[in-house]
Amino acid sequence: MTERYNPREIEAHWQAYWEREGLFRVIDDDTRPKYYVLEMFPYPSGRIHMGHVRNYTLGDVVARYKRALGFNVLHPMGWDAFGLPAENAARDQKVHPAKWTYGNIAAMRAELKRMGLSLDWSREIATCHPGYYQHQQALFLDFLKAGLAYRKESFVNWDPVDQTVLANEQVIEGRGWRSGAVVERRKLSQWFFKITAFADDLLATLSTLERWPERVRLMQENWIGRSEGMRLRFELAGWSETVEIFTTRHDTLFGASFLALSPNHPLTEKLAAADPGLAAFVAECNRIGTSEAAIEHAEKKGYDTGLKARHPLIEGRLLPVHVANFVLMDYGTGAIFGCPAHDQRDLDFARKYGLDVIPVVAPPGIDPATFAIADEAYVGEGTHINSGFIDGTSVAEGKERVAQRLEGAGRGKRETVFRLRDWGVSRQRYWGCPIPVVHCESCGIVPVPRDQLPVVLPEDVSFDQPGNPLERHPSWKHVPCPACKRPATRETDTFDTFVDSSWYFGRFCSPRTDEPVTRAAVDYWLPVDQYIGGIEHAILHLLYSRFFTRAMRVAGHVKLAEPFAGLFTQGMVCHESYQDQGGKWLYPEEVAHLQDGRVVHAESGRPVKVGRREVMSKSKKNVVAPSVIIDGYGADTARLFMLSDSPPERDLDWSDAGVKGAWRYLASLWRMMSEPKVTLPPAGHIIADGLDAPLLETRRLIHRTIAAVSSDLDRFHFNRAVARIRELTNGLEDLPFKSPGAGAVLREGLEIAVRLIGPMTPHIADALWQKLGHATSLVRVPWPKADPNLVAADTVTLAVQVNGKLRGTIVLPKAHDKAKAEAAAMAEPSVLRALEGKAVKKVIVVPGKIVNVVV
RNA sequence: GCGGGCGUGGUGGAAUGGUAGACACGCCAGACUUAGAAUCUGGUGACGCAAGUCGUGGGGGUUCAAGUCCCUUCGCCCGCACCA
């Protein structure tokens, strides 16, 4: 009687077995080559979603595959556990953030365990645990000492209702995302990490990250935004002050027609104090907010200060000084010179305010006498005109000469500036890692001594008022100054949660030691050989981690600069969305797809509007819960579906049909092995020589599949690997069962199929492996090796073309010469038919590939 | 605007310049079933009775040979965006 495929039973059994045997517990071991595979750790929201299932399935395939290849594999899991949602839950549900977070962790851990991931749970960490964050505090002290952490005044988005700082992405159309209050630009003292200290290195080293997606490297390159130029000093007529500007186009200096200051430039502020009109203009600019989106839509506006600047190269030429809303204080010096002929922004501004437009670069092949600028600035290469001593030079040559002249005169110097800014890490929030310093009236900022770490969050806090609970806490912040022992106050800011995730990969190497990382452990395990996660972290998380690793190297914790040798960014999981007639979003399970193609509400039968496929999100309810799929079909089916069909870097459309297809395949595998069509010899049986041709062909298929799947897994082509395995099992279904030795070949094929699919669907693979008569788990079985003699076929099929069009195929021995191939091709009836009455001009023969007859 | 990616059957997707559509989903027909579900067998790019012709967004080019390389154009997606 058929034993049915019962994933529920199988999966529970093997998960318990793996855990009991401690198969995934890893020890630091120098004898085998190491392999560190890591997926981006999750935020403990309480439930896993399909994005997690995809991410962790991909990582688990890599981990299991590398383990089978003989690597000592580190594959850990942890929790990115600090952050605002816990405080929101505390406020809304009256539950303490710690309790809420640890509860969520427990729930998600249980869900993850049901996926059958080959994780070393003994290394689990949670960033909200003092055992983790005390080391982060120690690292901060190291960075402080090394000059990589500092405090400065900076503009922030301030929500006056919630009394907190908002990140740019939390400001929507100039208002706080939750309170709806108009966000203010406020100057606050904030802690910063000096990421700009490594700007050059972070940029230059990108090109060495060969196993990173090109796209991510480009995004980081743009983000760092290096540009080479000059810092120039302009004197102001009738004033003792000077204005410094930054430019990359000092060769266009002869075309300068104005200077523009940022609304937040110190000189602007000084002038505004005496000029109400300017003060109003600055206020208007600031109201727009700091969010990039707001700036984007702002039209170019300026305010003439009445000041005149002296042109540094043209005696007697004076340039008006404006304050302009498009000049950023954070970039360069916060002031520019405008050359309207060769910069579109400057041109727009000049046209609006009636300023001169002087062309100083003539495009190649254009008569300088007739060259004029209309609505478009000319930014290309060319020859300088109207430019005094650099007339006739190229852009590069002009730059060089101007730079030499101005540097010689002490009016400027060459400089490289970056778009990248130092990383502000202060957050006025409770549920984060406390920044371990004390503010003392007499000593200033005093680091908390290391023997007093960790600075632990107080537990008795309330969330019924806006603002930072640490600030309001009656006693927590009051401590004696560590230096002078007089009353002082703790820093009440906590770290941005991106800090927590910037070094967790290092902590996993020695998760329980009483130093942040142990040298021997990180020297052995780092870098992470394969990191896997979402593209949404292409910039911030990855850049911060690269910074942290460098800073930790400065502090002597690690010896390397790049934490992630290989990076894979997976696509997202998408689903159609559904809305009823009232526009209310519906969950997929509330919707019925009728035979006639109509889509209706399952209960009411009313028509449903089907939206496009997009990323699963709670707000649109186009989500499918992993637990439901695992309950219904099992983890192996969910994993197989995640890997089939779509390449992992692309978005994946969730479909019920696809899940059913994966299920059907596993069920058929089960049947193939439960009741093989021919009796199998016992495990360990050696296949005898003298198989007939079809059986030999099957063996070739088996070994070709080993080679193909191995290469597919190496290259992250999981969808192809699945297809190859299906091809193999399709082939095994058609075996000539009556031939002598069929049972032995079938055994070989089934065993290989099970071993190849093992990394993807580990539970059923172990169950079938046992069913095939083996005592041990596949986890302990090495990856199969293809027999090279069987991979190489001894006959090949050549395509035969006439004038490039396929006319037939011929089968030849693997070793054949051109003449033989040509003769065989010429004998093909279909070729003869096509050649009838035509003269053969030449014949192209590529042995083993193709014969092309040209007429 | 700048940068990057992608356009292949009804659908997801395969194809070191060398037999386009592997492997699936769906669909069609048949078998088994009281029926449905499940399962099994066969078929399935388009046109054509067939021989065959046409087919990888459009146009052009290189080549004996182009989904693949080059030019051009259209469309979609993503990232960045007043960065001086």
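First the proteins, then the strands, lettered A, B, ... as listed; each starts at 1.
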Taking atom [atom1] in both [N] and [M], compute the distance separating them and give it to the nearest angstrom.
| N | M | atom1 | result |
| --- | --- | --- | --- |
| G59(B) | C25(B) | C1' | 35 Å |
| G45(B) | G13(B) | C1' | 15 Å |
| A66(B) | C47(B) | C1' | 24 Å |
| G36(B) | A31(B) | P | 12 Å |
| G21(B) | G43(B) | P | 15 Å |

Counting only Watson-Crick or G-U wobble pairs whose two distances fall under 3.5 Å, which nucleotide matches [N]?
| N | result |
| --- | --- |
| A31(B) | U39(B) |
| A51(B) | none |
| C80(B) | G1(B) |
| G67(B) | none |
| U19(B) | none |
| C6(B) | G75(B) |
| U44(B) | G26(B) |

Which nucleotide in the list [options] gets nearest to the side chain of [X]?
| X | options | answer |
| --- | --- | --- |
| L328(A) | A22(B), A84(B), G4(B) | A84(B) |
| R833(A) | U19(B), A84(B), G52(B) | G52(B) |
| L806(A) | C82(B), C80(B), A20(B) | A20(B) |
| N730(A) | C40(B), C23(B), C64(B) | C23(B) |

Reckon [X] has a side-chain N or O less than 4.0 Å from the OP1 or OP2 of [N]?
| X | N | result |
| --- | --- | --- |
| K660(A) | A24(B) | no |
| R664(A) | C25(B) | yes |
| R231(A) | A84(B) | no |
| R807(A) | U53(B) | yes |

* **Reading 5' to 3' through nucleotides 8-14 of chain B, protein heavy-atom contacts under 4.0 Å coded B for base, S for sugar-phosphate only, - for none** => ----BSS

* Measure up the H322(A) and Y353(A) rings against each other and bin them: parallel (under 30°), tilted (30 to 60°), perpendicular (over 60°). =>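 H322(A) vs Y353(A) ring planes: tilted.
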
* To do: Could you check whether the rings of F234(A) and F337(A) sit parallel, tilted or perpendicular, using 30° and 60° as the cut-offs?
  =>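 Tilted, since the angle between the ring planes falls between 30° and 60°.
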
Hey, is [X] close enough to [Y] for a salt bridge, meaning N to O under 4.0 Å?
| X | Y | value |
| --- | --- | --- |
| R249(A) | D343(A) | no |
| K660(A) | D656(A) | yes |
| E400(A) | R414(A) | yes |

* Under 3.5 Å donor-acceptor pair, K842(A) side-chain atoms to C64(B) base atoms ->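 Answer no: no donor N or O sits under 3.5 Å from an acceptor.
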
* Asked: Under the 3.5 Å rule, do the base of C64(B) and the side chain of N852(A) count as making a donor-acceptor pair?
  ->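 Flag set: donor-acceptor pair detected.
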
* To do: Please step through ring pair (Phe, Tyr, Trp, His ring centres under 6.0 Å) for the pair F641(A) and W654(A), ending with a clear verdict.
  => CA-CA 9 Å; F641(A) 171 67; W654(A) 179 270; 4.8 Å; yes

* Atom pair distance, as rounded to whole Å: CG in L347(A) and P in C82(B) ->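 In whole Å, C82(B) P and L347(A) CG are 18 Å from each other.
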
* Asked: Taking the side chain as C-beta and beyond, is there a heavy-atom pair between K301(A) and F281(A) under 4.5 Å?
  ->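 Answer yes - side chains close enough.
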
* **Residue met sooner reading RNA chain B from 5', once T797(A) and A335(A) are mapped to nucleotides** =>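 So the residue in question is T797(A).
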
* **5'-most by nearest nucleotide on RNA chain B - E733(A) or L798(A)** =>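 Closer to the 5' end of RNA chain B: L798(A).
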
* Cation over ring face, K300(A) and F349(A), 6.0 Å, 45° ->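 The answer is no; the distance or angle limit is not met.
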
